[in-house]
Undergrad: 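First the structure, which I've put down as structure tokens, then a few questions once you've had a look.
Quantities reported herein were computed from a predicted structural model and do not represent experimental measurements. Atoms within a ligand are numbered from 1 in the order they appear, just like the ligands themselves.
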Amino acid sequence: MTAFDIVDKYIKFFEKREHKKIPNSPLVPKNDPTTLFTSSGMQPLVPYLLGEEHPEGTKLVNVQNVFRAVDIEEVGNNRHTTFFRMLGNWSLGDYFKDREIPWLFEFLTVELKLPIEKLYITVFAGDENAVIKEGKKNPSLSLDADAISYWKKELEKVGANYIVWDEKFENSQNLNTAKIFPYGVDKNWWSRSGPPDKMPAGEPGGPSTEVFYDFGADLKIHEKSKFKDQKCHPNCDCGRFVEIANSVFMQYQKQEDGTLKLLPKPNVDFGGGLERLLLATEDQPDVFKTSLFAPIIEAIKKETGKTYEGHEVQMRIIADHITAATFITNAKIKPSNTDQGYILRRLIRRSLDNLYLLKGKDIDSVIESVVQQYKKTDPEIETNYEEIKNTILEEAQNYHGTREKAKKFIAKKYGDELMGTSEISAEDAFVIYTTHGLSPTQIKSLGYTFDEQQFAERMKEHKDLSKKGAGQKFRGGLADHSQQTVMGHTATHLMHKALRDMFGTDLHQSGSNITSERVRFDFNFDRKLTDEELTELEKIVNDKIKTNLPVHFEMIPTDKAHEMGAIGLFMDTYGEKSKIYFIGGDSKNPEKSYSIEFCGGPHVEFTGEVKSFKIIKQDALGRGFRRIYAKVG
Ligand code: SER
């Protein structure tokens, strides 16, 4: 049974039961600025789950392409992927647990022929401590006894075991004989934002019942797992059990006062990952060994000349990330430093890091195998193949350029010293990190080794310094707080941006020092600037001063700042948030900004206050770095 067959069976099964098939919504939602990607089948249906009438009726079915950026770091194990297809059926105030549970059971055991002894059920255990606000309780958050009784009925009909696991009576009803497992809000409650206390006002959610597939107690993965000494149970995370189906009984809406209110009509929101269902039908614990992914892994093996065994993590990351990149590119996204483009860039670069670690060179054959594998369910990726391939390869080319520059820096610095060894100093690895933006893993994928402990210490030092600096700045501002230095600070932001516009975004500030006499600015650049270039730089900065752009800061989540393309030495990060200076736009309109920088400040309020900018001289600052002195005012 292929992935295509599962989709076909599922849609037909629910169409026969009067469900209307609705389209697969775009992977990048239109008209929804609150989210970057469609991450569940229910996302486009929220207004209808809240009570609006759907034009196609009250029973719907589809297969939805989804991308979950939060799972990027999870990829590498036997079951996580960032991109997947979700089979979904919905009751919009129509049927409830009474029909959803028997249909789900029939689909899994009759249509997909999954053996009953391999299936385990979880239900909502209730939450006795569901104090939502000021002692107010949600008394309705009790054990989902209805779901249990519908499951028992189904299991009884086929003569299967239906014992409910009860921790307190472990001796008589132990883990080995139990079939139905109740869990709390962390496992058997579903909303887009997680458990009830995390849901924002207005958000719908509800208890869920899930089905897990058991790959068996003797599974090798389990032996290696950190849970190997614990008793295994469906949600134990060791890899033995994999969740294949999730029915959410979406009947609540979070209120402003923190409580949960019943929606006018209860809904069913079912989601089942196609890749996971395939894994169960093939009784294959490794999703990357299923008939869907195996040919993609083959292409990676061929390109790298390595076996899958021993290189599973890298190969899984490459296969998943290139699949996701293919679908995101298909949604007309281009790699960039903001929003969806930033995620796409991260996926492509991360897959290349892993490909290079395995000594592979080209990603072309992997992209081609992804298109081959998915074209039957998603024919448009074949139509757009050339565009998809060119976009990914162009980014690979760019990334190659950045990596070459980092290598050049090392080659220049070490000359012949590096012959026969690949060990560089942690300090140089740190310079590569700050000037080229390459992470320790990316530096390692260049073939260098360095003392990672020392690198981590250097990183901590850098962060501590920035915190200390921040403390000083918050206590009394900069050492010299005169108008002249404040003007100088704003001038460095203008100069930094102008230099990047002139010479490309591999150019980064590496330091600065501002007094009331002059501005000193250091950056990575491997030659002297010509007189014409210095004149042009002066002119750009003076033009921006004349335009009198507004300057202001906002404290925003550091991740978001990176997504917006904020530059700088990242010295002004305070915990989760960073102080970001905008020249021009703001965080709502980052594209309107001339410059977005991490910085403690202070700055002038309008660029016009800087009055004028004059370069005094330039210096070479060791290999690959330059220094410019300028005057303002
Ligand atoms: N919304 C639930 C999920 O995404 C079920 O469809 O898992």
Side-chain angles (χ1 to χ4, degrees), residues 6-7 10-11 13-14 19 21-25 27 29 32 34-50 54 58-71 74 79-97 99-101 103-104 107-108 121-124 144 147 183 185-196 198-200 202-213 234-235 241-254 263 266-277 279-280 287:
I6 297 177
V7 174
Y10 178 76
I11 301 289
F13 181 89
F14 280 96
H19 287 62
K21 186 177 177 211
I22 55 169
N24 178 358
S25 292
L27 188 58
D32 186 357
T34 60
T35 176
L36 295 181
F37 295 100
T38 300
S39 61
S40 62
M42 60 74 84
Q43 197 170 304
L45 294 174
V46 171
Y48 310 106
L49 292 163
L50 293 177
H54 194 287
T58 52
K59 294 201 269 302
L60 308 174
V61 62
N62 86 347
V63 52
Q64 176 66 49
N65 290 355
V66 301
F67 175 78
R68 292 188 174 172
V70 286
D71 284 338
E74 303 275 357
R79 60 201 185 284
H80 273 100
T81 58
T82 53
F83 172 83
F84 60 98
R85 274 86 53 87
M86 199 174 217
L87 306 182
N89 61 272
W90 293 273
S91 154
L92 302 173
D94 194 303
Y95 58 91
F96 205 41
K97 302 171 195 182
R99 296 173 86 184
E100 170 62 13
I101 290 175
W103 279 341
L104 174 57
F107 179 70
L108 296 177
I121 317 294
T122 70
V123 294
F124 183 50
D144 195 347
Y183 291 95
V185 282
D186 51 336
K187 300 290 183 194
N188 277 80
W189 179 275
W190 200 92
S191 82
R192 286 181 298 176
S193 16
K198 296 274 185 316
M199 289 163 66
E203 187 66 19
S208 67
T209 181
E210 297 188 321
V211 180
F212 284 74
Y213 186 85
N235 259 314
F241 293 93
V242 171
E243 177 212 322
I244 57 170
N246 180 18
S247 291
V248 183
F249 302 116
M250 198 156 267
Q251 67 204 104
Y252 296 102
Q253 187 183 30
K254 185 81 174 268
L263 284 166
N267 308 292
V268 173
D269 159 33
F270 170 80
L274 173 58
E275 287 70 6
R276 299 278 186 89
L277 287 163
L279 189 137
V287 71

Undergrad: Checking Q64 side chain against S25 main chain: does a donor-acceptor pair fall under 3.5 Å?
TA: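 Yes, because the side chain of Q64 sits within donor-acceptor range (under 3.5 Å) of the backbone of S25.
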Undergrad: If you draw the axis of the six-membered ring of F249, does the NZ or CZ of K97 fall within 45° of it and under 6.0 Å from the ring centre?
TA: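 Because its charged atom sits under 6.0 Å from the ring centre and within 45° of the axis, K97 does stack over F249.
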Undergrad: Please name the residue in the list T58, V248, L60 that meets the side-chain contact (heavy atoms from CB on, under 4.5 Å) test with W90.
TA: L60
Undergrad: Ring-plane angle category for Y10 and F270, please: parallel below 30°, perpendicular beyond 60°, tilted otherwise.
TA: tilted
Undergrad: Go through the structure and list residues passing ring-ring contact (aromatic ring centres under 6.0 Å, His included) with F84, not counting sequence neighbours.
TA: none
Undergrad: Can you check whether Y95 and W103 have ring centres sitting under 6.0 Å from each other?
TA: yes
Undergrad: In order of chain and number, which residues sit within 4.0 Å of ligand 1 by heavy atom?
TA: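 Residues near ligand 1: S40, M42, R68, M86, W190, N246, V248, D269, F270, G271.
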